[in-house]
Amino acid sequence: METLGPEAWQAVRLSLKVAFWATLAAMPLGIAVAYLLARVRFPGRGLLNGLVHLPLILPPVVTGYLLLLGFGRQGPIGAALHELFGITLAFRWTGAALAAGIMAFPLLVRAIRLAIEAVDPKLEEAAATLGASRMRVFATVTLPLILPGVIAGAILAFAKAMGEFGATITFVSNIPGETQTIPSAIYAFLQVPGGEGAAMTLVVISLAIAMAALFLSEWLARRVAARVAGR
Amino acid sequence: MTLSVDVRKRQGAFQLDVAFEAPDGVTALFGRSGSGKTSLVNAVAGLAAPDNGRVAVQGETLFDARAGHSVPVHARRIGYVFQEARLFPHLDVRRNLLYGRRARGLSGEGALDHVAELLGIAPLLARRPGALSGGEAQRVAIGRALLSEPRLLLMDEPLAALDAPRKNEILPYLERLRAETGLPILYVSHNLSEVARLATHIVVLEEGRVLKSGSAEALLSDPSLVHVMGLREAGAVLTAEVAGHEADGLTELRISGGRLYLPRIDAAEGARLRVRILAQDVIVATERPENISALNVLPATVRAIRRGEGPGVIAQLQVGEDAILARITQRSAETLALSEGTACFAVMKSVAVSPTDVSQGLRREA
């Protein structure tokens, strides 16, 4: 196995940055959507649920292409963002983060939603009778109880974002130093003769990150159960 | 009136249609399961909205369907003790107790110490809810509700999930609560012995409607309610004062109709008590019985005789200013020619009265 070349290092660093921002930005929306799906009955709930899970089922290349249509320089949202805020997403690392965030969103929402559903709504009722408003109930009862679940979801989302390939390469291409994440770099190494060694190193790094993320999130999910039981 | 309720709510085939007013003190909502008790307290708390009607506490309207007015749960200042303690599992006992004070922006420690002492939970403050017994958890839940400084406390079968020893562990604390805080309480129960011990006022619910409402003394001695109370459970309460403790282990009580001897009661001389006398423990005689082991023979007058479907009748007897119930056979009632106005004697064994049927900590009537 070769030692890591500067190009491979760049890919690892970029992947970490993309995954970090993707997870962080998806978190508040993920918690809000998970709460809606778990606790509120409203028309269009099934539709929202479907929409959230769509990236899980859709071919990633389709998600990437739709992002390109919507958020590209010529796309309606992309053009508006560029004109109003000077923000460009296409072919930038921020675009890679958007693609990664959307692909990781279903995993995030799923984990948080399961944690919320494990919280007895009777506790939230009790908190309300003690004088806590809905926001306060969420902040002081629901959120602390689901925290391990939120962290578990974040870890899964982070790992997924690290490894996102199809939507990323379609939306922001494969530019070393800007949008070339670990999977894109592996793909690029495999396209050139003698690149297998560098590719294998990145494969091992990916495997290690994914396994660590799965174990950690499993462990945290078990902590949720213990916490809700008051142990 | 402390609480005024007039609500209607349809739930599938069940129709709740209830109107009553509750004065200060402990008002028991009594009825079999399925009579609508929990729906009713949830409507008062604001956890479930009635289809129409009105709820007011101490003159403030909390719910008025016609005006489209409903104060949200957290702004009602109504404490709620549920059947299960519902303690917050991620907070220790101290922080559970202070939860409502923080939510309402009230300062804490002095009140916390007082309530912890009142309920005997001071040694538990650092524990987690998972490390509490059922009885301890329920006392913490009561303390948590009290500390949120409600103007009314709802208790929905707070002892139903506990076994008998745990119940008897908590009941004295509830009596202290009644005596020391003066907080109006709406107490839901289908257990007559709890109701007889705690209630100053009773609302009897049957199939979503108020069957009768009135003072505990009047309703518990009402022969027409015996079918709801249950034949074996029915029994009136006598208000008594401890006259003295005797060397042979008996306690002498003064009641309006004479004297009552019961197995030793742990209360100071002069303390006011309420004693529940089960209808099936009372024997009726038309002449004063001599040479009988029962110690309590009280002169009485028959006020009413009520026949049921079985071989038994319920006699309501006037003893001094109080009324008690006696469950006897129809044959005995005919043999003794009992009817309204018959002078007789009510005979009660001392040992028939269980210590759990003696209620302490009554406030002196104003």
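Quick note on labels: first sequence line is chain A, next is B, and so on, each numbered from 1. It should be emphasised that the depicted structure is a prediction, and the values quoted were computed from it without experimental measurement.
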| Who pairs with Y80(B) by ring pair (Phe, Tyr, Trp, His ring centres under 6.0 Å), at least two apart in sequence or on another chain? |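 In terms of ring pair (Phe, Tyr, Trp, His ring centres under 6.0 Å), with neighbours along the sequence ignored, Y80(B) is linked to F82(B).
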
| said: Assess, by modelled atom type and distance only, whether the side chains of E124(A) and T142(A) contain a donor and an acceptor separated by less than 3.5 Å. | reply: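 A donor-acceptor contact under 3.5 Å links the two side chains.
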
What part of [X] lies closer than 4.5 angstrom to a heavy atom of chain A: side chain, backbone, both or neither?
| X | answer |
| --- | --- |
| R77(B) | neither |
| R76(B) | neither |
| E149(B) | neither |
| L87(B) | backbone |
| R101(B) | neither |

| Charged N-O contact under 4.0 Å between R166(B) and E169(B) |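 A salt bridge links R166(B) with E169(B).
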
| Is the shortest distance from a Lys or Arg side-chain nitrogen in E164(A) or K160(A) to a carboxylate oxygen in the other one below 4.0 Å? |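 Salt bridge absent between E164(A) and K160(A).
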
| query | So is R178(B) actually on top of Y187(B)'s ring, under 6.0 Å and inside 45° of the axis? | reply | no

| Among I78(B), L154(B), V73(B), which has the most heavy-atom pairs under 4.5 Å with chain A? | V73(B)

